[in-house]
Structure formats: C-alpha cells, structure tokens
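Inspection log for the structure reproduced underneath, given as structure tokens.
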Amino acid sequence: MIRKQTPLVLLPAMGCDGQLWARQVVDLGNVAHPELGDLTADDTLAAMAARVLAHAPPRIAVAGVSLGGYVALEMIRQAPERIERVALFATRATMQMRPRTVTEQGLLAIAPHADPLLTPILTGPVQAMAERVGTEVFERQQRALLERPDIGPAIAAVRMPTLIAVGNRDRICLPDDAQALADRIPDAHFHVLSNCGHLAPMERPGEVTMLLRNWLRTRN
C-alpha cells in the first residue's frame, strides 16, 4: 500500500526550475507531498545538498534529474538516515563532464535527440526555464558539477529503494552511463524511457509519474 503524503523532494536539472517537475507535482499529489529543492544559490554540490536538507522534513524521498541526481547522492552521503528512498534520472556514475553554455546544454537536452514530435513543444518551455534561472545560476551549477568530488562514497551509501531511469536518446547521460550507476547500487530498479532525451519529467510525464508511483510503493 502506498503511504499517503510521503514527503517528496524534487530536484531539477542544471538550468531548469520547477516547471521540469510540474506534472509530477500535480499527478503525485494524492500519494506524496511534493516540494522543490533550491539548487540556485550555491556553487558546490555539498552546499546545495546541505541547503535542501536544512529546509526538508526529517525523513524524505528524493528524486533528481542530472544535477539534481548528483545533489540527491550528496544528500545521502551527508545524511543517509534522512533519505528513505531515491530516484535518479539521467545521472551518471562517472565524474567526466564537458563545460557547456546554456544554449548548448538546452540543445543537447531536447533536440534532436528526444521524440521529434515533442521537440517543438518542449523547446519553448526549456528556453523559458533557462531564462528564468539565468546565466549566473547556470554558471554556478556548472561549476558545482565540474568541481564535484568523487561520488563513489555517496554511491556506496545508497542502501534504500532506488530507481534509476534514463532516456534512450539522452546525449548528456547515455543509457550505458546510467546502467553503470545502477550496477553499483544493490537492488536498484533500472528503466530506459523510449524516445526520450535528457528531461524525462517533461518529455515523458505520464511514464515518469508511473515509475515514481511504483517506486513510492517499494518497501524499505
């Protein structure tokens, strides 16, 4: 049975805001209490994770996309006793990353690698998110990723129900990258979303909601 109103912290990708998770905030409202974590004010993953933890309930479920996934792992490293389950979308087990501009990041995230029918629909909202977040925040977030420490200890601390998902057309986090992460986490559930790029909650909102509902049902 799904536990009602599970505190669920949703963490966005680099250059994104709450619109990335807008459908899940609505669609999961009957089984969880979703809230957005702020990843805009800090320039290290450790500081981002500490800020989210400071404003979160004592025990939470956490779901993150890309940057949000790395912050979720850092939250587990800092306070594993507070994280009851974690969902990582478009998150890699390795540390390599190429610096990109906001425009390059947006192009890689949505076009032409995701569903071509969705690309025209998503381009506007993704660009609007990037404009709202702004270049200064994007640069802070990119610096946090470029300078992130070895995430091995954080991965080793994952001992809770874990969902790892990736788009089959993601060019930032390849399916093999996400699979490598899943292989390092005991009993992780791995899922590939078809015709999907880097921003699964926007590109495949119904499927992501279904995955999260099942994940929320998983027993500790």
(request) Assess the side chains of S66 and H198: does a donor N or O sit below 3.5 Å from an acceptor N or O? (result) yes
(request) Quick one: list whatever passes side-chain hydrogen bond (donor to acceptor under 3.5 Å, both in side chains) with Q179, sequence neighbours left out. (result) D183
(request) Kindly indicate whether the side chain of P34, heavy atoms from C-beta on, has any atom under 4.5 Å from the side chain of Q24. (result) no
(request) Any chance you could measure T209, atom OG1, to R204, atom CZ, to the nearest 0.5 Å? (result) 13.0 Å
(message) I'd like to know if the side chain of Q141 reaches the main chain of M14, judged simply by a donor and an acceptor atom lying under 3.5 Å from each other, with no hydrogens or angles considered.
(response) no
(request) Tell me whether L145 is reachable from L174 by hopping between hydrophobic residues (I, L, V, M, F, W, Y) whose side-chain heavy atoms are closer than 4.5 Å. (result) no
(request) Taking the side chain as every heavy atom from C-beta outward, state whether H33 and Q5 have any atom pair closer than 4.5 Å. (result) yes
(request) Please examine the side chains of I83 and L53, heavy atoms only from C-beta on, and report whether any two atoms are closer than 4.5 Å. (result) yes
(request) Under the side-chain hydrogen bond (donor to acceptor under 3.5 Å, both in side chains) rule, collect the residues that match up with E207, sequence neighbours excluded. (result) H191
(request) Can you sort out the partners of R140 under side-chain hydrogen bond (donor to acceptor under 3.5 Å, both in side chains), two or more places apart, ordered by chain and number? (result) none
(message) Measuring only between side-chain heavy atoms, which start at C-beta, is R132 closer than 4.5 Å to Q19?
(response) yes
(message) With side chain to side chain contact (heavy atoms under 4.5 Å, CB included) as the test, pick out the partner of P201 among L10, V65, V25.
(response) V65
(message) Show the nearest heavy-atom pair for residues C16 and L199, with the distance to one decimal.
(response) SG-CD2, 4.1 Å
(request) For residues G68 and L39, report the shortest heavy-atom separation together with the two atoms involved. (result) CA-CD1, 4.0 Å
(message) Name the residue from L216, L163, L212 that meets the side chain to side chain contact (heavy atoms under 4.5 Å, CB included) definition with R85.
(response) L216
(request) Taking the side chain as every heavy atom from C-beta outward, state whether T135 and E139 have any atom pair closer than 4.5 Å. (result) yes
(message) Donor-acceptor pair, distance only, cut-off 3.5 Å: does the side chain of N168 make one with the backbone of V192?
(response) no
(message) Less than 4.5 Å apart, side chain to side chain, heavy atoms only: is that true for V208 and L193?
(response) yes
(request) Calculate, to the nearest 0.5 Å, the distance between atoms CD and SG belonging to E203 and C196 respectively. (result) 4.0 Å
(request) Measure across G64 and T91 and return the closest heavy-atom pair with its distance rounded to 0.1 Å. (result) O-OG1, 4.4 Å
(request) Treating Ile, Leu, Val, Met, Phe, Trp and Tyr as nodes and any side-chain heavy-atom pair under 4.5 angstrom as an edge, say whether V133 and I172 lie in one connected cluster. (result) no
(request) Determine whether V166 and D177 make a side-chain contact, defined as any pair of heavy atoms from C-beta on separated by less than 4.5 Å. (result) no
(message) What verdict does the side-chain contact (heavy atoms from CB on, under 4.5 Å) test give for V62 and M75, after you've listed the backbone C-alpha separation in whole Å, the side-chain angles of each residue and the deciding distance to 0.1 Å?
(response) CA-CA 9 Å; V62 183; M75 290 168 66; 3.9 Å; yes
(message) Going by salt bridge (Lys or Arg N to Asp or Glu O under 4.0 Å), name the residues that satisfy it together with R184, two or more places apart in sequence or in a different chain.
(response) none
(message) Test of understanding: with side-chain hydrogen bond (donor to acceptor under 3.5 Å, both in side chains), list the residues that count as partners of E35, not counting sequence neighbours.
(response) none
(request) Could you tell me whether the side chain of L8 reaches within less than 4.5 Å of the side chain of W215, counting heavy atoms only? (result) yes
(message) How close do R213 and L28 get, counting heavy atoms only, and between which atoms?
(response) CG-CD2, 3.6 Å
(message) So which atom in P57 and which in P7 form the shortest heavy-atom distance, rounded to 0.1 Å?
(response) CG-CB, 3.9 Å
(message) I'd like to know whether CG of N214 has more than 12 heavy-atom contacts from other residues, nucleotides or ligands below 6.0 angstrom.
(response) yes
Without placing hydrogens or testing angles, list every side-chain donor-acceptor pair under 3.5 Å for residues 41-51, not counting sequence neighbours.
{"unit_1": "D42", "atom_1": "OD1", "unit_2": "R51", "atom_2": "NH2", "d": "3.1"}
{"unit_1": "D42", "atom_1": "OD2", "unit_2": "R51", "atom_2": "NE", "d": "2.6"}
{"unit_1": "T44", "atom_1": "OG1", "unit_2": "A47", "atom_2": "N", "d": "3.0"}

(message) Return the CG to CG distance between D38 and D17, rounded to the nearest 0.5 Å.
(response) 11.0 Å
(request) Decide whether L211 and V31 are clustered together by the hydrophobic rule: side chain heavy atoms of Ile, Leu, Val, Met, Phe, Trp, Tyr closer than 4.5 Å, transitively. (result) yes
(message) When you measure from the side chain of R169 to the backbone of S194, do you find a donor-acceptor pair of N or O atoms at a distance under 3.5 Å?
(response) no
(request) Identify the heavy atoms of A200 and F89 that sit nearest to each other, and give their distance. (result) CB-CD2, 4.2 Å
(request) Mind checking the CG-CD1 spacing from L88 to I164? Nearest 0.5 Å is all I need. (result) 5.5 Å
(message) When you group the ILVMFWY residues by side-chain heavy-atom contacts below 4.5 Å and let the links chain together, are Y70 and F190 in the same group?
(response) yes
(request) Check for a donor-acceptor pair, side chain of T162 on one end and backbone N or O of V158 on the other, with a separation under 3.5 Å. (result) no
(message) Between R23 and L20 (side chain of the first, backbone of the second, donor and acceptor by atom type, cut-off under 3.5 Å), is there such a pair?
(response) no
(message) Quick check against the 3.5 Å criterion: does R92 have a side-chain atom that pairs as donor or acceptor with the backbone of C173?
(response) no
(message) Treating R59 as the side-chain partner and E81 as the backbone partner, does any N or O pair qualify as donor plus acceptor under 3.5 Å?
(response) yes
(message) Side-chain heavy atoms nearer than 4.5 Å, only ILVMFWY residues, links allowed to pass through others: does that put V137 and L11 together?
(response) no
